[in-house]
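Worksheet: one structure, shown below.
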Amino acid sequence: MGAVGIIGTGAYLPEKVLTNADLEKMVDTNDKWIVSRTGIRERRIASEKQASSDLAVEAGKQALESAGITAEELDLIIVATVTPDMPFPATACLVQDRLGASKAATFDLSAACTGFLYGLATGSQFIQTGLYRHVLVIGVDCLSRITDYTDRNTCVLFGDGAGAAVLGPVAEGEGFLSFELGGDGSGGDLLKQSGGGSRHPASKESVEQRLHFISMNGREVFKFAVRVLGSSAEEALRKAGMTKEDVDFLIPHQANDRIIETAIHRLGLSRDKVVVNLDRYGNMSSASIPVALNEAYRSGRIKKGETLVLVGFGGGMTWGASVLKWTMDPVS
């Protein structure tokens with residue numbers, strides 16, 4: 001079983017920007033309230049013609065170019081999303097066709113905001129066992145499609161975007177050093193979209209009851225997040241045989257600045273070791289970690305040989321973390 005790492009990254013963000021000032025015209029809120037409670041100032045919104053697959057394809061193309069491989073060399077495409085284009089076929093199938101990755105197997109994965117980390121853990125194992133060589137993992141969500149813009153507590157949080165990573169063999173001692181994944185289904189009601197599935201299929205009643213929008217118990221989700229974000233990162237470090245002092249950069253799920261601050265405090269990191277773009281993009285669910293990773297890499301902030309910790313949490317409830325030794329040279 002050889003070492004596996006990230007050999008290419010990419011991202012795509014829609015052009016439309018929804019600012020806090022825009023939201024002030026839509027719902028009873030204001031910029032000061034939003035920033036003080038979340039740290040978010042603006043977020044990106046997909047156009048009416050764009051679906052999750054459109055965003056995913058663009059991020060995938062960029063990741064393939066970064067990795068220096070063609071779509072034909074992909075063995076597997078995993079798309080982590082809670083906003084697929086449709087219930088089936090899988091969004092990964094649509095992405096495969098448009099990328100021209102005719103040899104790749106495809107499937108979607110649903111773990112909410114932890115989806116990208118679940119995808120990395122899943123994809124890396126296909127390579128470690130020798131079954132596949134190159135796996136494309138994409139985290140994408142168009143949360144604006146399921147956001148209730150009459151709910152002042154949730155509509156300020158979410159944005160749209162896609163981030164991608166190509167996984168492949170790397171030198172021993174590099175790449176992914178550990179994974180820590182978890183779930184607690186007893187918290188399933190804390191953050192959910194009730195309508196549209198087999199429990200509450202689409203109907204006049206489900207629409208009138210606004211079941212097709214995100215609903216969230218913000219207080220309980222916050223308590224859950226501050227507990228698992230730090231503990232899962234610590235467990236991933238333990239599995240890798242490392243300590244907090246070994247961490248060069250923390251790349252957390254971009255949900256709330258106060259949640260991120262608790263993880264920073266627990267891990268004893270300085271703010272300059274933490275990648276945060278929450279203020280510009282809001283919570284993009286499964287896209288938030290790969291978009292932040294891509295920005296940190298392309299800006300030259302993270303460098304080959306450095307130790308990164310990726311950590312997130314999401315509906316389900318789910319959580320996950322990974323420690324990896326960065327393998328990519330700076331962008332020329």
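Just so you know, residue 1 is the first one in the sequence shown, and it goes up from there. Values in this document were obtained by computation on a predicted structure and should not be read as measured data. No hydrogens, no waters, no symmetry mates; every other heavy atom, side chains included, goes into these values.
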Under the side-chain hydrogen bond (donor to acceptor under 3.5 Å, both in side chains) rule, what do Thr70 and Glu72 come out as? Steps first, then yes or no, please.
-> CA-CA 5 Å; Thr70 66; Glu72 283 287 300; over 6 Å; no
Could you go through the side chain to side chain contact (heavy atoms under 4.5 Å, CB included) check for Lys16 and Ser47 one step at a time?
-> CA-CA 7 Å; Lys16 181 180 178 181; Ser47 72; over 6 Å; no
For the pair Glu180 and Trp319, evaluate side chain to side chain contact (heavy atoms under 4.5 Å, CB included) and give the outcome as yes or no after the intermediate values.
-> CA-CA 8 Å; Glu180 165 67 10; Trp319 63 88; 4.2 Å; yes
Side chain to side chain contact (heavy atoms under 4.5 Å, CB included) between Thr38 and Asp257, intermediate numbers included | CA-CA 5 Å; Thr38 69; Asp257 197 56; over 6 Å; no
Decide yes or no on side chain to side chain contact (heavy atoms under 4.5 Å, CB included) for Met284 and Arg43, but give the supporting numbers first.
-> CA-CA 9 Å; Met284 296 183 291; Arg43 64 289 290 154; over 6 Å; no
Determine, step by step, whether Glu234 and Arg266 satisfy the salt bridge (Lys or Arg N to Asp or Glu O under 4.0 Å) criterion, reporting the C-alpha distance in whole Å, the side-chain angles of both residues, the deciding distance to 0.1 Å, and the verdict.
-> CA-CA 9 Å; Glu234 288 177 330; Arg266 179 162 181 168; 3.0 Å; yes
Take Glu295 and Arg301 through the test salt bridge (Lys or Arg N to Asp or Glu O under 4.0 Å) and record every step on the way to the result.
-> CA-CA 8 Å; Glu295 284 193 343; Arg301 192 172 174 188; over 6 Å; no
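Side chain of Arg152 to main chain of Thr29: no donor-acceptor pair is present (N/O by atom type, distance under 3.5 Å, no hydrogens or angles). The backbone N or O of Ser144 sits less than 3.5 Å from a side-chain atom of Asp160, completing a donor-acceptor pair. For Gln193 (side chain) and His212 (main-chain N/O), a donor-acceptor pair under 3.5 Å exists by modelled atom type. Between the side chain of Asn256 and the main chain of Arg37, a donor-acceptor pair closer than 3.5 Å is present. Counting only distance, with no hydrogens or angles, the side chain of Ser52 and the backbone of Thr83 share a donor-acceptor pair below 3.5 Å. Proximity of a side-chain donor or acceptor of Gln62 to a complementary backbone N or O of Glu58 within less than 3.5 Å is not detected. In this structure a side-chain-to-backbone donor-acceptor pair under 3.5 Å is present from Thr318 to Ala111. No donor-acceptor pair under 3.5 Å is formed between the side chain of Thr9 and the backbone N or O of Ala63. No donor-acceptor pair closer than 3.5 Å links the side chain of Asp248 to the backbone N or O of Leu308. In this structure, the side chain of Asp108 engages the main chain of Ala92 through a donor-acceptor pair within 3.5 Å.
By the neighbour-count criterion of 12 heavy atoms within 6.0 Å, atom NZ of Lys273 is densely surrounded, having more than that number from other residues, nucleotides or ligands. For Arg41, the CZ atom is loosely surrounded, since the number of other residues' heavy atoms within 6.0 Å does not exceed 12. Within a 6.0 Å radius of CD in Glu65, other residues, nucleotides and ligands contribute 12 heavy atoms or fewer. With a 6.0 Å radius and a threshold of 12 heavy atoms from other residues, nucleotides or ligands, Arg199 has its CZ atom at or below the threshold. Environment of CD in Glu48: sparse, with no more than 12 heavy atoms of neighbouring residues, nucleotides or ligands closer than 6.0 Å. Annotation: Lys239, atom NZ; neighbour count of heavy atoms from other residues, nucleotides and ligands within 6.0 Å is above 12.
Considering CG of Leu167 and CD1 of Ile6, their distance stands at 6.5 Å, rounded to 0.5 Å. The CG atom of Asp31 sits 8.0 Å away from atom OG1 of Thr19, with the distance rounded to the nearest 0.5 Å. Atom CZ of Phe224 is separated from atom CG of Leu191 by 10.0 Å, given to the nearest 0.5 angstrom. Note that OG1 of Thr91 is 10.0 Å distant from CG of Asp54, once rounded to the nearest 0.5 Å. Considering CG of Leu143 and SG of Cys113, their distance stands at 7.0 Å, rounded to 0.5 Å. The CG atom of Leu269 sits 9.0 Å away from the CD atom of Glu245 when rounded to the nearest 0.5 Å.
Alongside Val207, the hydrophobic cluster contains no other residue (criterion: ILVMFWY side chains under 4.5 Å).
Annotation for Gly163 and Ala287: closest pair N-CB, 4.1 Å, computed over non-hydrogen atoms. In terms of heavy atoms, Ala46 sits closest to Leu55 at CB-CD1, 4.4 Å. Heavy atoms only, all atoms of each residue included: Leu237 and Thr243 are closest at CD2-O, 4.0 Å. Across all their heavy atoms, Ser124 and Phe179 have their closest contact at OG-CE1, 3.5 Å. Shown here for Val140 and Ser286, the closest heavy-atom pair between the two residues is N-OG, 3.2 Å. Annotation for Ala171 and Ala3: closest pair O-CB, 3.5 Å, computed over non-hydrogen atoms.
Contact of the Val291 side chain with the Gln254 side chain is not registered, since no non-hydrogen atoms from C-beta on lie closer than 4.5 Å. Counting only heavy atoms from C-beta outward, the side chains of Leu99 and Lys61 approach each other to under 4.5 Å. Considering only heavy atoms from C-beta on, Met328 comes within 4.5 Å of Ser66 through its side chain. You'll find the side chain of Leu18 reaches within 4.5 Å of the side chain of Tyr149, heavy atoms only. Contact check for Leu76 versus Phe107: side-chain heavy atoms found under the 4.5 Å cut-off. Side-chain contact between Asp151 and Met216 is absent, with no heavy-atom pair separated by less than 4.5 Å. Side-chain atoms of Asp75 and Phe126, non-hydrogen and from C-beta on, never get closer than 4.5 Å to each other. You'll find the side chain of Glu205 stays beyond 4.5 Å of the side chain of His200, heavy atoms only.
Checked against salt bridge (Lys or Arg N to Asp or Glu O under 4.0 Å), Arg238 has the following partners two or more places apart in sequence or in another chain: Glu235. In this view, Phe313 and His253 satisfy the ring pair (Phe, Tyr, Trp, His ring centres under 6.0 Å) rule, not counting sequence neighbours.
Linking Ile, Leu, Val, Met, Phe, Trp and Tyr residues whenever their side-chain heavy atoms come within less than 4.5 Å leaves Leu310 and Ile264 in two separate clusters. Two different hydrophobic clusters hold Val323 and Ile289 under the rule that ILVMFWY side chains link at heavy-atom gaps under 4.5 Å. Note on Met26 and Ile146: same hydrophobic cluster, where clusters join Ile, Leu, Val, Met, Phe, Trp and Tyr whose side-chain heavy atoms are under 4.5 Å apart, directly or indirectly. The same ILVMFWY cluster, assembled from side-chain heavy atoms under 4.5 Å apart, contains both Val156 and Ile45. Under a hydrophobic-cluster definition in which Ile, Leu, Val, Met, Phe, Trp and Tyr are linked whenever side-chain heavy atoms come within less than 4.5 Å, directly or via other members, Val137 and Leu177 are assigned to different clusters.
Both tests pass for Arg258 against the ring of Phe222: distance under 6.0 Å to the centre and angle within 45° of the axis.
Using modelled atom types and a 3.5 Å distance limit, the side chains of Thr81 and Asp141 yield a donor-acceptor pair. No hydrogens or angles considered: nothing links the side chains of Thr307 and Asp246 as a donor-acceptor pair under 3.5 Å.
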